[in-house]
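Shown next, in C-alpha cells, is the structure this report addresses.
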Number of protein chains: 2
Amino acid sequence: MTVGTASASTGGTRTRIQAVALELFTEQGYEKTSLREIAERLGVTKAALYYHFKSKDDIVNGLVMDRIERLDQLIAWAREQPCDAAGRRAILTRYVDEFFADEHHLVMHFFEQNQTVLKSLAAGQQMRQRMLQLADILAGPDPAPIAATRAALALFAVHSSWFAVRNPHVDRTEQIGRASCRERV
Amino acid sequence: MTVGTASASTGGTRTRIQAVALELFTEQGYEKTSLREIAERLGVTKAALYYHFKSKDDIVNGLVMDRIERLDQLIAWAREQPCDAAGRRAILTRYVDEFFADEHHLVMHFFEQNQTVLKSLAAGQQMRQRMLQLADILAGPDPAPIAATRAALALFAVHSSWFAVRNPHVDRTEQIGRASCRERV
DNA sequence: GTCTATAAGGAGATAGAC
DNA sequence: GTCTATCTCCTTATAGAC
C-alpha cells in the first residue's frame with residue numbers, strides 16, 4: 001500500500017491500519033465495519049487505532065486525500081491536452097494507468113462500494129467534484145449534451161470493470177485497459 | 001410507488017413505509033438510516049414498522065423481490081431473442097423501459113448506492129445473479145472475452161447514467177435512453 | 001505506542017396495553 | 001394498527017496507566 005506520508009518514525013502501523021480498513025470497508029461496507037473488527041484483525045485494541053487516527057472518518061480521509069492530490073495533477077495536465085480523439089484517449093489512458101495499477105485500484109473499488117458514505121464525507125465530495133471536472137475536460141468546451149453524456153460514460157466504463165470481471169483467465173488490469181480503450185470518446 | 005402486493009386491507013401504510021425507506025436509503029445509505037428516522041418522517045413509531053415488516057432487512061427484501069420477478073420474466077424473454085445487434089438492442093431497450101421508467105428507477109438508484117448492503121442480503125445476491133445472467137445473454141453463446149466485457153459494460157452504462165446527469169435541461173429518461181442506445185452491443 | 005476500563009449514546013427488536 | 005416502555009447489544013470515542 002502506498003498511503004500518504006506516514007511519519008517515518010512509526011513502524012508502519014498507520015499504513016497497516018489503512019490497508020486492513022480499506023479491505024474491510026470494501027468487502028462489507030464502511031458502516032458495517034467496526035473499529036473493533038479492524039483492531040482485532042491487526043492484533044491490537046481499538047484504542048490503539050485512536051492514536052493514529054482521530055476518528056473512523058479520518059481513516060477514510062487519509063486514503064481519499066492522497067488520491068485527490070494525484071487527481072488534481074492529472075486534471076491540470078489534462079487541460080493542456082488537445083481536444084481531439086487522441087488527446088481524450090491519452091487522458092483516459094493516464095487515468096487508468098495511475099489509478100488502477102498496483103494496489104491503487106483497491107481505493108477506487110472502495111469508492112464505488114461506498115458511495116453513500118462518501119456523500120456525507122467532505123473528502124468524498126471533493127473526490128466527486130474532481131471526477132466531474134475530468135468528465136468536463138473529456139467532453140470539451142461547450143459540449144453538446146450527447147458529448148457530455150458520452151464523456152461521463154467513458155469515465156464510468158473504467159470504473160464499472162469490476163462488474164465485468166468474472167472470467168478468471170482474464171486478469172483485471174488487462175480487462176480494465178480493454179474496457180477503457182474500446183470506449184469511443 | 002408500485003411495491004409488491006400490499007394486502008388490500010391496509011390503508012397503504014406498508015407501501016408508504018417502503019417509499020420513505022427507499023428515499024432515505026438511497027440518499028444517506030441503508031446503514032446510516034435508522035428505523036427511528038423512517039418512523040419519524042411517517043409520523044409513527046418504530047414499533048409500528050414492525051407490524052408491517054419483521055426486520056429492517058425485510059423492508060429491502062420487499063423492494064428487491066418485486067424486481068427479481070420482473071427481471072426473471074425479462075430474462076426468459078431475452079433468451080428467445082435473436083443473437084444479432086438488433087436483438088441485443090431490443091433487450092437493452094426493454095430493460096431500460098421496464099426498470100428505469102416512472103418510479104422504478106428509484107429502486108435501481110438504491111441498488112447502486114448500496115452495493116455493500118446488497119452483498120450481505122440474500123435478495124441482493126439474487127439480484128446480482130440475474131444481472132450477470134442478462135449480461136451473459138447479451139454476450140451471446142461462447143463469447144470472446146472482449147464480447148463478454150462489452151456486454152457487461154453496455155448494461156452498466158445504463159446504470160451509470162446518474163453520474164452523467166448534471167445538465168438540468170436534459171431530463172433523466174431522455175439521457176438514459178440516449179446512453180443505452182449509443183452503446184455498441 | 002499500546003493497553004484496560006469506561007463513558008455515552010443509538011441501534012434493532014420485543015411485550016403487551018389500547 | 002399503533003402506541004409506550006423496555007431490553008439487549010454494539011458502537012464510537014475518551015481517560016489515564018504502563
Side-chain angles (χ1 to χ4, degrees), chain A residues 3-22 24-25 27-64 114 116-124, chain B residues 3-22 24-25 27-64 114 116-124:
Chain A
V3 264
T5 53
S7 46
S9 62
T10 80
T13 305
R14 187 189 150 94
T15 304
R16 283 174 56 232
I17 293 173
Q18 282 181 313
V20 168
L22 182 60
L24 291 175
F25 289 166
E27 259 175 41
Q28 19 178 301
Y30 174 80
E31 312 275 2
K32 240 189 180 169
T33 304
S34 67
L35 296 179
R36 176 191 54 75
E37 204 172 355
I38 296 172
E40 263 175 18
R41 184 173 292 206
L42 280 167
V44 297
T45 62
K46 275 187 301 171
L49 302 184
Y50 279 97
Y51 174 83
H52 296 276
F53 300 94
K54 73 178 210 302
S55 71
K56 190 182 176 185
D57 289 0
D58 198 40
I59 300 179
V60 174
N61 274 327
L63 269 352
V64 177
N114 293 273
T116 56
V117 176
L118 291 171
K119 244 197 281 191
S120 64
L121 245 55
Chain B
V3 264
T5 51
S7 46
S9 61
T10 81
T13 305
R14 185 189 153 94
T15 304
R16 282 173 57 231
I17 293 173
Q18 281 181 313
V20 168
L22 181 60
L24 290 175
F25 289 166
E27 260 175 41
Q28 17 177 300
Y30 174 80
E31 311 276 1
K32 240 188 179 170
T33 303
S34 67
L35 295 178
R36 177 191 54 74
E37 203 172 355
I38 297 172
E40 262 175 19
R41 183 172 291 205
L42 280 166
V44 297
T45 63
K46 271 192 304 173
L49 302 185
Y50 279 96
Y51 173 82
H52 295 277
F53 298 94
K54 75 177 206 301
S55 73
K56 191 183 177 185
D57 290 359
D58 197 40
I59 300 179
V60 174
N61 274 326
L63 268 352
V64 177
N114 292 274
T116 55
V117 176
L118 291 171
K119 243 198 282 191
S120 65
L121 246 55

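Given the structure is predicted, the values throughout are model-derived calculations rather than measurements.
- For D/dT4, the OP1/OP2 oxygens have no side-chain nitrogen or oxygen of B/T45 closer than 4.0 Å.
- A/D58 and A/Y50 share no donor-acceptor pair across their side chains, judged by distance under 3.5 Å alone.
- Within the 4.0 Å cut-off from OP1 or OP2 of C/dG12, not a single side-chain nitrogen or oxygen of B/R36 is found.
- Closest approach to the A/V44 side chain among C/dG1, C/dC3, C/dG12 is made by C/dC3 (side chain taken as heavy atoms from C-beta onward).
- Summarising the geometry, the separation between CG on A/D57 and C1' on D/dA13 is reported as 12 Å, rounded to the nearest angstrom.
- Taking only side-chain atoms of B/Y50, from C-beta outward, the nucleotide of C/dT2, D/dT2, C/dG12 with the closest atom is C/dG12.
- Taking atom CD on B/E31 and atom P on C/dG10, their separation rounds to 18 Å, with Å as the unit.
- With D/dA13, C/dG12, D/dT2 as the candidates, the nucleotide lying closest to the side chain of B/L35 is C/dG12.
- To the nearest 0.5 Å, atom CG of residue B/N114 and atom CG of residue B/L22 are 9.5 Å apart.
- Put simply, A/Y51 has no side-chain N or O that comes within less than 4.0 Å of OP1 or OP2 on C/dT2.
- B/V117 is not listed as a side-chain neighbour of B/V60, based on a closest heavy-atom distance of 4.5 Å or more.
- Distance CZ (A/F53) to C1' (C/dT2): 15 Å, rounded to an integer number of Å.
- Atom CD1 of residue B/I59 and atom CZ of residue B/F25 lie 5.0 Å apart, to the nearest 0.5 angstrom.
- Remark on DNA chain D: of its neighbouring residues A/K54 and A/K32, the 5'-side contact belongs to A/K32, judged by nearest-heavy-atom nucleotide.
- Spacing between atom NZ of A/K56 and atom C1' of D/dA13 amounts to 12 Å, rounded to whole angstrom units.
- In this structure, CG on A/L24 lies 4.5 Å from CZ on A/R41, to the nearest 0.5 angstrom.
- Atom P of nucleotide D/dG1 and atom CZ of B/R16 are separated by 13 Å, given to the nearest angstrom.
- One can place CG of A/L49 at 10 Å from P of D/dT12, the figure rounded to the nearest angstrom.
- Using a 4.0 Å heavy-atom distance criterion, B/S34 is classed as a sugar-phosphate-only contact.
- Regarding contacts with the backbone of C/dG1, every side-chain N or O of A/T13 stays at 4.0 angstrom or more from both OP1 and OP2.
- Atoms CD (B/E40) and C1' (D/dC3) sit 15 Å apart, rounded to a whole Å.
- In this structure, of C/dT2, C/dG12, D/dA13, it is D/dA13 that holds the atom nearest to the side chain of A/S55.
- Taking the side chain of B/A47 as heavy atoms from C-beta on, and the options C/dT2, C/dA15, D/dT14, the nearest nucleotide is C/dA15.
- What separates OH of B/Y30 from P of C/dA11 is a distance of 13 Å, to the nearest Å.
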